[in-house]
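Let me begin by presenting the structure, written as structure tokens, before commenting on it.
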Amino acid sequence: MAQRVQGTEDLYGGYMRAWQRMQDVARETFGVYGFSMIETPAIEQVATFVHGIGESTDVVRKEMFRVFSGALVESLLAKGSEEGLKAKQRLALRPEGTAGVVRAAVQNNLVPQGSAPAKLWYAGPMFRGERPQKGRLRQFHQVGVEWLGASDPASDAECIVMLMQFFERLGFDADSLRLTINSMGDAACRPAYREQVRSFILDHADQMCDDCLERAELNPLRAFDCKNPHCAEVMADAPLVPDHLCDECAAHYAQVKRYLDEAGVRYEEDPTLVRGLDYYTRTVFEVEVAGAGVGAIGGGGRYDGLMELEGGKPTPGLGFAVGFERIVLALQTQGVDLGASEEGCVYVACTPDVRASVFGTVLALRNAGVRTESDCQGRSLKSQFKQADKVGARLCVVLGTDEVAAGVATLRDMHTHEQEQVELSALAAIVAERMR
Ligand code: AMP
């Protein structure tokens, strides 16, 4: 039997309903804040991710799935190197959504100078070559938001408020959501802080793992995320970014917190929250669910330099992304089934001699907007009733010889088992009303 790729999933049935429900809640929640949907390609030039996410990040260095056309693979194998390839030949499956949306905003001039900000949200699959485990896939799905052209600290707070509302509308118990925030500084103050962390790691080189020593040169702040307990112990004494913010960044951070307080959002400050990607500036945030054991379900932050890195004019921006699969797992720990069926349907059952009458009845019901099922395998009446139960029918229309001759149908409520006779000519309208 053909197998799907490890770390990928098929979405169907309740799981697919959950993914659609999540997008519906996103559309409703983000729409109120003025966001509209954008869809960018799942495949982009590697340069788009290198400029945005940063060459030194794990995502770009180790996890990005590279894509080459068949003809190119042959020539690469023959040459044994990528050298000489043009930028448009170096492609990758998107590991995250932000870089592609920002690339699209630059290319399509979505934030013309002096115009209102672009408020965009997206939903779709992302790809990372990670070791698959619970809540960590190679193809997973994100819903995300990008707000381009907004610099005010109120926008950071609004973004976070909107994210927390989104989680609550999905069904999370508000008390279980743990929001952590931090400020990462900006181009004015982060380089000096980064250098301090680099020196700190090198001063403690004999106690740190090889990965952290490599990080010291490439991306020292990532050492705060190292899972090695010795490194964690050393990093507990490392300089913390909130103590090294410039005046502007400190003021921005203070204002964001004031707005969050005003909105009544509970948060914890985590001075070691650095997030993995290079593009973040100032505010960063992450959300976990207490007791769910799936890691962060979402996170984001401000990225004031990203539009420029993608070739646009200097434009502030911020956003977040949440992970569908982890949200479903976390909701399950709270007894919430995001993919629970809400619809219910009508089942039209018949005796074998009037099977031909079912066709028109089903058609009339569907034309009236009623979700309708009927037998298409020549089953007995008894087994049609069983099937009606199985598909979750709320009502069953029963057609027999006498009913069809008299121009009526028996309408049976599948919960109360009450039955009544209804004129066939009025059936669709009556059923549509009941199902509403
Ligand atoms: P990130 O872009 O890494 O901040 O990811 C944002 C969210 O996407 C995370 O909080 C997770 O919910 C989800 N996510 C990230 N990577 C994966 C993965 N490999 N598998 C499943 N979900 C993921």
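For the numbers below, each heavy atom of this structure counts, side chains included, while hydrogens, waters and symmetry mates do not.
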Say you draw a straight line from CG of Leu331 to CG of Leu338; how long is it, rounded to the nearest 0.5 Å? 6.0 Å
Contacts of type side-chain hydrogen bond (donor to acceptor under 3.5 Å, both in side chains), residue Asp304, not counting sequence neighbours: Arg302
Verdict with reasoning, Leu110 to Ile38, per side-chain contact (heavy atoms from CB on, under 4.5 Å): CA-CA 11 Å; Leu110 299 184; Ile38 184 169; 4.2 Å; yes
Give me each pair satisfying salt bridge (charged side-chain N to carboxylate O under 4.0 Å, His left out) with a member in residues 161-170, each pair once, sequence neighbours excluded. none
Nearest non-hydrogen partners of Met164 and Leu177, listed with the distance: CE-CB, 3.8 Å
Can you give me every donor-acceptor pair (side chain of residues 61-71, partner residue at least two apart or in another chain, under 3.5 Å) with its distance?
from	atom 1	to	atom 2	distance (Å)
Arg61	NH2	Glu214	OE2	2.9
Arg66	NH1	Glu82	OE2	3.4
Arg66	NH2	Glu82	OE1	2.7
Arg66	NH2	Glu82	OE2	3.4
Ser69	OG	Leu72	N	3.2

Picking from Asn367, Thr361, Leu365, what satisfies side chain to side chain contact (heavy atoms under 4.5 Å, CB included) with Leu363? Asn367
For the pair Arg222 and Asp225, find out whether any cationic side-chain nitrogen is under 4.0 Å from an anionic carboxylate oxygen. yes
Summary of ring-ring contact (aromatic ring centres under 6.0 Å, His included) pairs that have at least one residue in residues 321-349, sequence neighbours excluded: Tyr15-Phe324, Trp19-Phe324
Do Pro132 and Leu137 have side chains that approach each other closer than 4.5 Å (heavy atoms only, starting at C-beta)? no
Looking at Glu83, I'd like to know if its CD atom is crowded, meaning that more than 12 non-hydrogen atoms belonging to other residues, nucleotides or ligands lie closer than 6.0 Å. no
Once side-chain hydrogen bond (donor to acceptor under 3.5 Å, both in side chains) is applied, do any residues pair with His244, and if so which ones, sequence neighbours excluded? Gln196
Give the intermediate values and the outcome of side chain to side chain donor-acceptor pair (under 3.5 Å) for residues Gln334 and Ser176. CA-CA 9 Å; Gln334 300 189 1; Ser176 72; 2.7 Å; yes
Around atom CD of Glu217, are there more than 12 heavy atoms of other residues, nucleotides or ligands at under 6.0 Å? yes
For Phe200, what residues pass the ring pair (Phe, Tyr, Trp, His ring centres under 6.0 Å) criterion, not counting sequence neighbours? His204
How many angstroms lie between atom CG of Asn182 and atom CZ of Phe224, to the nearest 0.5 angstrom? 9.0 Å
In residues 247-256, what donor-acceptor pairs under 3.5 Å come from side-chain atoms, sequence neighbours left out?
from	atom 1	to	atom 2	distance (Å)
His252	ND1	Arg282	NH1	3.4
His252	NE2	Asp156	OD1	3.3
His252	NE2	Asp156	OD2	3.1
Tyr253	OH	Glu269	OE1	3.2
Gln255	OE1	Arg258	NE	3.3
Gln255	OE1	Arg258	NH2	3.0

What is the minimum heavy-atom distance between Ala263 and Val161, and which atoms define it? CB-CG2, 3.7 Å
Value rounded to 0.5 Å, distance of SG in Cys231 from CG in Leu213: 8.0 Å
Cationic N near anionic O, under 4.0 Å, Arg394 to Asp413: no
Partner of Leu11 by side chain to side chain contact (heavy atoms under 4.5 Å, CB included), out of Met16, Gln20, Arg17: Met16
Using every non-hydrogen atom in the two residues, find where Leu221 and Arg194 come nearest and quote the distance to one decimal. CD2-CA, 4.3 Å
Which residues pass the side-chain hydrogen bond (donor to acceptor under 3.5 Å, both in side chains) test with Gln23, sequence neighbours left out? none
Under a 3.5 Å distance rule, please check whether Arg366 uses its side chain to pair with a backbone N or O of Arg371 as donor and acceptor. no
Pair Glu286 + Arg275, salt bridge at N-O below 4.0 Å: yes
Please check if atom CD in Glu74 has more than 12 non-hydrogen atoms from other residues, nucleotides or ligands closer than 6.0 Å. no
Centroid-centroid distance, Trp147 to Tyr33, less than 6.0 Å: no
Where the side chain of Arg21 meets the backbone of Leu170, is there a donor-acceptor pair that is under 3.5 Å apart? no
For a side chain to side chain donor-acceptor pair (under 3.5 Å) check, start with the C-alpha distance between Glu310 and Thr48, then their side-chain angles and the critical distance, and finish with the verdict. CA-CA 7 Å; Glu310 296 290 0; Thr48 298; 4.5 Å; no
Answer yes or no: is there an ion pair linking Glu268 with Arg178, defined by an N-O contact shorter than 4.0 Å? yes
Given 3.5 Å as the limit, does a donor-acceptor pair link the side chain of Glu373 with the main chain of Val391, or not? no
Heavy-atom pair of closest approach, residues Leu148 and Ala105: CD1-CB, 3.4 Å
Applying side chain to side chain contact (heavy atoms under 4.5 Å, CB included), name anything that partners Ala188, two or more places apart in sequence or on another chain. Asp186, Cys246
Just how far is it from atom CD of Gln142 to atom CE of Met22, taken to the nearest 0.5 Å? 9.0 Å
Are any side-chain N or O atoms of Thr372 and backbone N or O atoms of Val370, one a donor and one an acceptor, separated by less than 3.5 Å? yes
Distance-minimising heavy-atom pair for Cys209 and Asn228: CB-ND2, 3.6 Å
Who pairs with Phe140 by ring pair (Phe, Tyr, Trp, His ring centres under 6.0 Å), at least two apart in sequence or on another chain? none
Quick one, Lys313 with Glu308, criterion salt bridge (Lys or Arg N to Asp or Glu O under 4.0 Å). Give me CA distance, side-chain angles, the key distance, then yes/no. CA-CA 5 Å; Lys313 300 210 174 66; Glu308 232 177 323; over 6 Å; no
Does Val241 offer a backbone N or O that forms a donor-acceptor pair with the side chain of Tyr193 under 3.5 Å? yes
Looking at every heavy atom in both Glu96 and Met126, which two are closest together, and how far apart are they? C-SD, 3.4 Å
Residue pairs meeting ring-ring contact (aromatic ring centres under 6.0 Å, His included), one or both in residues 157-189, sequence neighbours left out, come to Phe30-Phe166, Phe167-Phe172
Listed by chain and number, what are the side-chain hydrogen bond (donor to acceptor under 3.5 Å, both in side chains) partners of Gln139, not counting sequence neighbours? none
With a 3.5 Å cut-off and no angle check, do the side chains of Glu146 and Tyr303 form a donor-acceptor pair? yes
Can you measure from CE (Met184) to OG1 (Thr281) and round to the nearest 0.5 angstrom? 8.5 Å
Distance check, rounded to the nearest 0.5 Å: Asn219 atom CG versus Arg215 atom CZ? 8.5 Å
Arg412 and Glu418 ion-paired at < 4.0 Å: no
Are there over 12 heavy-atom neighbours, none belonging to Gln207, within less than 6.0 Å of that residue's CD? yes
